Amino acid sequence: MISRSALKAILASLILSGSAFANADTPSTVPQTIQDTLIEWAASDFSEHGPSVAGVQNVHVRVLTLANGETGYLLCGEFRTSTAGPGAEWTHFATIKTDPYEQWIGGLGESQCEHATPSTTPPQDLSTELQARLSAAKIK
C-alpha cells in the first residue's frame with residue numbers, strides 16, 4: 001500500500017511534470033504581488049514547519065504554463081540548516097502557488113524548478129528578501 005505522503009509526491013510530480021506543461025509560451029515576467037507572496041509563504045512555512053533555516057541562496061521565481069493554460073509560479077532556491085563553514089550542505093526547495101501554496105523540500109522541489117522557466121522580473125536573486133523574512137519571523 002502506498003503511503004499518503006508518497007501518493008501526494010507522485011500526484012504532484014505528475015501534475016507538474018514536463019508533459020503537463022507547454023513552457024515555450026510561458027511569460028517570464030512575474031507580478032510583484034506574486035513574487036512577494038511566494039517569499040512570504042516560503043518564510044512562513046519554514047517558520048511554522050521547519051526545518052530551521054540558517055541561510056538561503058539562489059532564490060528566484062520561475063514560471064510555467066499549466067495544462068489548463070494558466071500560468072503557474074514557483075519560488076525556487078536552496079537552504080542550509082547549519083552555518084558550519086563552507087562544507088555546510090545546501091538543500092533545494094520550491095514554494096509553489098497552488099491553493100494557496102505547497103512547499104517541497106529536496107529532490108522533488110529541485111525537479112519541479114528544473115521544468116520551469118526563470119523569471120526575467122528584477123531582482124533576479126531574491127535570497128536577501130527571503131533571508132530578511134526568515135529573520136523577522138524568528139524575532140516574533
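Note that these values count all heavy atoms, side chains included, but never hydrogens, waters or copies made by symmetry. Residue numbers start at 1 and run along the sequence shown. Values in this document were obtained by computation on a predicted structure and should not be read as measured data.
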Peer 1: Are a donor atom and an acceptor atom from the side chains of Ser127 and Gln57 found within less than 3.5 Å of each other?
Peer 2: no
Peer 1: Quick check on side chain to side chain contact (heavy atoms under 4.5 Å, CB included): which of Asp36, Val56, Ile39 does Leu126 satisfy it with?
Peer 2: Ile39
Peer 1: Has the side chain of Arg80 got a donor or acceptor atom that lies under 3.5 Å from a matching backbone atom of Ala54?
Peer 2: no
Peer 1: How long is the straight-line distance from CD of Gln32 back to OG1 of Thr37, given to the nearest 0.5 Å?
Peer 2: 9.5 Å
Peer 1: Nearest 0.5 Å, please: how far is OG1 in Thr71 from CG in Leu66?
Peer 2: 7.5 Å
Peer 1: Do Ile105 and Phe46 pass the side-chain contact (heavy atoms from CB on, under 4.5 Å) test, and can you show the C-alpha distance, the side-chain angles, and the key distance before you say yes or no?
Peer 2: CA-CA 10 Å; Ile105 306 290; Phe46 279 121; 3.8 Å; yes
Peer 1: Is any side-chain heavy atom of Leu38 closer than 4.5 Å to a side-chain heavy atom of Lys97?
Peer 2: yes
Peer 1: Are the side chain of His60 and the backbone of Asn58 linked by a donor-acceptor contact shorter than 3.5 Å?
Peer 2: yes
Peer 1: How long is the span from the CG atom in Asp45 to the CG atom in Leu75, to the nearest 0.5 Å?
Peer 2: 11.5 Å
Peer 1: Check the orientation of Phe79 and Phe93. Use parallel for under 30°, tilted for 30 to 60°, and perpendicular for over 60°.
Peer 2: tilted
Peer 1: Are the side chains of Gln124 and Pro118 in touch, meaning some heavy atoms are under 4.5 Å apart?
Peer 2: no
Peer 1: Do Arg133 and Glu40 sit within salt-bridge range, that is, some charged N less than 4.0 Å from a carboxylate O?
Peer 2: yes
Peer 1: Tell me, with the steps shown, if Trp104 and Gln112 meet side-chain contact (heavy atoms from CB on, under 4.5 Å).
Peer 2: CA-CA 9 Å; Trp104 296 335; Gln112 299 317 316; 3.1 Å; yes
Peer 1: With a 3.5 Å distance limit and no angle check, can you tell me whether Thr121 reaches the backbone of Val30 through a side-chain donor-acceptor pair?
Peer 2: yes
Peer 1: Could you tell me if the side chain of Gln35 sits less than 4.5 Å from the side chain of Pro31, heavy atoms only?
Peer 2: no
Peer 1: When rounded to the nearest 0.5 angstrom, what distance separates CD1 in Ile34 from OG1 in Thr29?
Peer 2: 10.5 Å
Peer 1: Applying the side chain to side chain contact (heavy atoms under 4.5 Å, CB included) test to Leu74, which of Leu64, Val61, Thr95 qualifies?
Peer 2: Leu64
